[in-house]
Amino acid sequence: MAHIATAKPVENAHIQVSRIDFEQPIDSALATTVTQQLRAIPGVKNDVIVKNNVVVYFHDNTVANSQQVFDQLMQKGTYNAQRFVVPA
């Protein structure tokens with residue numbers, strides 16, 4: 001049994017999954033563009049998933065939170081989209 005004092009930090013402990021919902025379906029060209037734009041934002045990891053009108057991405061929340069990532073993406077293009085927020 002390991003003691004807390006000797007336990008290693010959890011890998012990827014600051015990685016968060018976030019989602020953006022687009023008003024229209026995303027075709028392959030737009031999916032490529034959005035994926036490239038998201039990956040260019042500091043803190044966003046390479047794993048970006050695009051399905052229908054939903055984009056799911058992973059980011060380091062010590063670098064950028066989901067609102068910051070969303071705001072930066074919206075500055076890169078004219079998108080009719082909104083950040084998904086889990087209801088409280």
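Residue numbers count from 1 along this sequence.
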Rounded to the nearest 0.5 Å, what separation is found between the [atom1] atom of [X] and the [atom2] atom of [Y]?
X   : Y   : atom1 : atom2 : answer
T32 : D27 : OG1   : CG    : 8.5 Å
T33 : L73 : OG1   : CG    : 10.5 Å
L38 : N46 : CG    : CG    : 11.5 Å

Check your understanding: Under the ring-ring contact (aromatic ring centres under 6.0 Å, His included) rule, what pairs show up with a residue in residues 23-65, not counting sequence neighbours?
Key ->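 For residues 23-65: Y57-H59.
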Closest approach of [X] and [Y], non-hydrogen atoms and distance?
X   : Y   : value
V69 : A64 : CG2-CB, 3.9 Å
A31 : I26 : N-CG2, 3.4 Å
I15 : D60 : CD1-CA, 4.1 Å

Check your understanding: Which pairs count as side chain to side chain donor-acceptor pair (under 3.5 Å) when at least one residue sits in residues 72-81, sequence neighbours excluded?
Key ->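 Side chain to side chain donor-acceptor pair (under 3.5 Å) check on residues 72-81 returns Q37-Y79.
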Check your understanding: Which other residues belong to the hydrophobic cluster containing V86, where Ile, Leu, Val, Met, Phe, Trp and Tyr are joined when side-chain heavy atoms lie under 4.5 Å apart, directly or via other members?
Key ->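 Result for V86 is F84.
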Point to revise | salt bridge (charged side-chain N to carboxylate O under 4.0 Å, His left out) against D21, all qualifying residues, sequence neighbours excluded | key: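 Testing D21 for salt bridge (charged side-chain N to carboxylate O under 4.0 Å, His left out), a comparison that skips the adjacent residues, returns R19.
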Practice item. For F70, enumerate each residue passing the ring pair (Phe, Tyr, Trp, His ring centres under 6.0 Å) test, keeping only those at least two apart in sequence or located in another chain. Key: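 Here no residue qualifies.
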Point to revise | Test side-chain hydrogen bond (donor to acceptor under 3.5 Å, both in side chains) applied to Q82 - qualifying residues, sequence neighbours left out | key: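 If we apply the side-chain hydrogen bond (donor to acceptor under 3.5 Å, both in side chains) test to Q82, skipping adjacent residues, the hits are E23.
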Point to revise | hydrophobic_cluster_shared for V17 and I49, side chain cutoff 4.5 Å | key: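 In one cluster with I49: V17, yes.
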Exercise for review: State yes or no: do M74 and L30 share one hydrophobic cluster built from I, L, V, M, F, W and Y residues joined by side-chain heavy-atom distances below 4.5 Å, directly or via other members?
Suggested key: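 Yes, one cluster joins them.
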Practice item. Taking the side chain as every heavy atom from C-beta outward, state whether V48 and R39 have any pair of such atoms under 4.5 Å apart. Key: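 Heavy-atom side-chain distance check passes, below 4.5 Å.
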Point to revise | S18 versus R83, side-chain donor and acceptor atoms under 3.5 Å | key: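 S18 and R83 do not have a side-chain donor-acceptor pair below 3.5 Å.
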Check your understanding: Taking the side chain from N52 and the backbone from V54, do they hold a donor-acceptor pair closer than 3.5 Å?
Key ->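 No; judged by distance alone, with no hydrogens or angles, the pair does not exist.
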